[in-house]
Each structure stands twice: as structure tokens, then as C-alpha cells.
Amino acid sequence: MQFEHEMILCIVNAGFSEAVMDVAKEIGARGGTVISARGTAAKDAERIFQITIQPEKEIVLILVPSKIRDDILHAIYKSVGLNTPGQGIAFALPVDSVVGLQET
Amino acid sequence: MNHTPTPRGKRAGKNEPPQVSAVKKLKLLITIVNKNKDEFYADYLQSFGVNLQLLMRAHGTAGSEMLHYMGLEESEKAVLFSLVREDYAPQALAGLEEKFRTLRGGKGIAYTVPLTGIIGAAIYQFLSNQNKTGKEDFGNAI
């Protein structure tokens with residue numbers, strides 16, 4: 001099934017939402033919404049590896065046309081992916097109906 | 001007029017699909033509006049049989065370059081997650097679109113994401129606003 005729009009959901013460490021939006025806008029996203037959140041990564045893993053995972057997170061919701069979804073996901077992965085200080089995870093969900101989008 | 005009843009659950013004709021009453025699917029309706037209109041939209045969506053909503057404070061990042069340089073780009077928003085039955089989703093979206101257009105300061109965006117799974121019959125009945133007989137329960141609707 002083909003969808004015209006998809007919602008990219010990106011979870012990053014607090015303070016990196018702007019970086020996410022900057023790369024998304026470069027590719028063609030028009031805007032996003034940022035929600036503050038708290039991560040609950042496995043405490044055992046933290047103890048074993050003796051690292052602390054920053055619990056303060058930001059969730060960035062970006063509604064994008066399906067055709068630029070992959071480009072945005074790749075750009076997010078490159079600039080704020082798991083191997084960067086942003087420690088971002090991003091995925092896309094299908095969106096079947098949209099209202100309220102302004103024509104450009 | 002001669003009316004032939006269609007057999008339920010069986011193939012009515014060679015090219016016709018079986019006439020079964022399928023379970024109504026649910027969708028996640030995401031509504032993003034200005035912060036001061038959050039309660040209004042939450043109440044409004046209840047009239048479409050929405051029984052569970054999750055309201056979160058957020059901030060928007062869309063804006064013009066000029067606003068960005070003036071530091072006025074970010075704006076306080078509310079994100080509303082509502083679980084709505086598939087057959088009510090088009091009405092809810094149409095209603096929201098009208099409110100977005102006509103309500104002063106009520107601009108926003110709304111979209112639906114299909115759900116692929118749910119667990120628990122009672123939870124499903126609650127979320128789909130149906131009682132055990134399959135009838136809709138609008139007792140708490142506005």
C-alpha cells in the first residue's frame with residue numbers, strides 16, 4: 001500500500017532536536033514538533049558497560065511526503081544517529097489521511 | 001421488489017466478497033494545535049466516540065527564516081494522541097479541518113496512523129466505544 005505522507009519519529013538526546021530539524025529541512029521537510037521525553041534504557045546494560053545513558057530525550061515528529069522519507073532518515077542517521085552524541089533513533093510510520101497542511 | 005438475503009460469511013457470488021461483519025479497526029489520530037486550544041480540541045474529539053486521549057506539551061519548529069533570526073520561530077504546541085475507530089476517522093478529520101479553518105487561533109494539523117494490533121477485548125470495546133452487544137455508546141459524548 002502506498003501512502004502520500006509518512007510521519008518520521010526521531011528520538012534524540014535532549015538538545016539535539018534542532019540538529020534533527022536542520023537536516024530534515026535541508027532535504028525538504030517544512031516543520032516539526034518536539035516533545036520532551038525520558039528514556040528508559042536497560043539499567044543492566046548501563047551497569048555492565050559502566051556508562052550512563054542520558055535519560056532526557058526529545059521526540060521529534062516530522063510529517064513528510066513519502067518520496068523524501070528515505071533521504072531524511074539517512075540524513076538524520078548520518079548527523080544525529082546512534083554513533084553520534086545525539087544518539088538518535090528514527091523510524092517512519094504510514095499516515096493515511098492528513099488535514100491542515102498549508103499549500104506552499 | 002424481490003429482495004434476496006445475502007448469506008452471511010459465505011460467498012454471495014463468484015466475484016463478490018463474503019458478507020461478514022468485520023471488527024472495526026482503530027486508528028491513532030494525531031492532532032497538533034496551539035497550546036491554548038488543547039482542551040477545546042480534546043473535548044471536540046470526544047464527540048466522535050474517542051474514549052482515550054493523551055495530551056502532551058510540545059513546541060513547533062516550522063517558521064520563516066526571518067522569525068528564526070529574530071528568535072521567534074519556536075511556538076508552544078499541544079500534541080493530542082486519540083484512538084478513533086476507522087469508520088469515524090474521516091468525520092473526525094473533516095470536523096477538525098473545518099475547525100482549523102474557521103476557529104480564530106485554532107490552526108493545526110491532524111493525521112491518522114493505522115494500528116496493526118491491540119490486545120484485550122474489554123480494552124478494544126472501550127477504545128472503539130462499543131458495548132458488548134456491539135452497539136455504540138455515546139452516553140458520555142458531548
Side-chain angles (χ1 to χ4, degrees), chain A residues 1-12 14-38 56-66 69 72 75-76 80 86 88 90-104, chain B residues 25-35 37-38 41 44-45 54-65 67-68 71 73-81 84 86-103 106-116:
Chain A
M1 201 171 174
Q2 282 293 312
F3 297 96
E4 233 172 273
H5 291 89
E6 303 214 10
M7 177 179 71
I8 291 179
L9 206 150
C10 181
I11 304 163
V12 284
F16 287 86
S17 60
E18 266 191 40
V20 174
M21 279 318 304
D22 286 348
V23 293
K25 278 182 180 173
E26 262 176 42
I27 308 290
R30 284 163 56 191
T33 308
V34 183
I35 307 169
S36 297
R38 185 170 166 273
E56 286 88 22
K57 301 280 179 186
E58 282 174 338
I59 302 172
V60 188
L61 309 176
I62 316 167
L63 192 67
V64 297
S66 298
R69 176 201 62 188
I72 292 181
I76 289 173
V80 280
F91 50 90
L93 294 174
V95 166
D96 45 13
S97 329
V98 184
V99 294
L101 268 185
Q102 310 261 323
E103 296 291 325
T104 45
Chain B
K25 287 187 179 174
L26 295 170
K27 284 186 181 184
L28 177 67
L29 171 64
I30 300 173
T31 313
I32 301 167
V33 289
N34 283 333
K35 192 185 140 192
K37 289 282 183 288
D38 54 354
Y41 280 106
Y44 180 66
L45 284 170
L54 184 65
L55 181 72
M56 284 166 284
R57 301 273 184 251
H59 61 265
T61 63
S64 67
E65 215 159 289
L67 286 176
H68 175 74
E73 189 184 33
E74 291 188 2
S75 51
E76 288 197 77
K77 297 279 175 194
V79 179
L80 206 55
F81 280 13
V84 63
E86 193 178 48
D87 48 344
Y88 286 125
Q91 296 168 37
L93 284 169
L96 283 171
E97 190 177 26
E98 197 212 326
K99 295 286 177 207
F100 291 161
R101 272 190 292 110
T102 55
L103 198 69
K107 268 191 189 149
I109 181 172
Y111 47 93
T112 53
V113 177
L115 297 192
T116 52

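First the proteins, then the strands, lettered A, B, ... as listed; each starts at 1.
For B:I32, the part lying under 4.5 angstrom from a heavy atom of chain A is the side chain only. For chain B, the nearby parts of A:I35 are the backbone and the side chain; heavy atoms of each come within less than 4.5 Å. Contacts between A:I62 and chain B at a heavy-atom distance below 4.5 Å are absent for every atom of the residue. The contact between B:I30 and chain A is made entirely by side chain atoms (from C-beta outward), counting heavy-atom distances below 4.5 Å. With a 4.5 angstrom heavy-atom cutoff, A:L61 touches chain B only via side-chain atoms. Residue contact with chain A, scored on non-hydrogen atoms closer than 4.5 Å, involves the side chain of B:V79 exclusively.
In this structure a side-chain-to-backbone donor-acceptor pair under 3.5 Å is present from A:E58 to A:G15. With A:S97 contributing its side chain and B:T112 its backbone, the two residues share no donor-acceptor pair below 3.5 Å. Counting only distance, with no hydrogens or angles, the side chain of B:Y41 and the backbone of B:G106 share a donor-acceptor pair below 3.5 Å. Remark: the backbone N or O of A:G32 is paired with a side-chain donor or acceptor of B:T61 at under 3.5 angstrom.
For the side chain to side chain contact (heavy atoms under 4.5 Å, CB included) test, residues two or more places apart in sequence or in another chain that qualify with B:K25 are B:E86.
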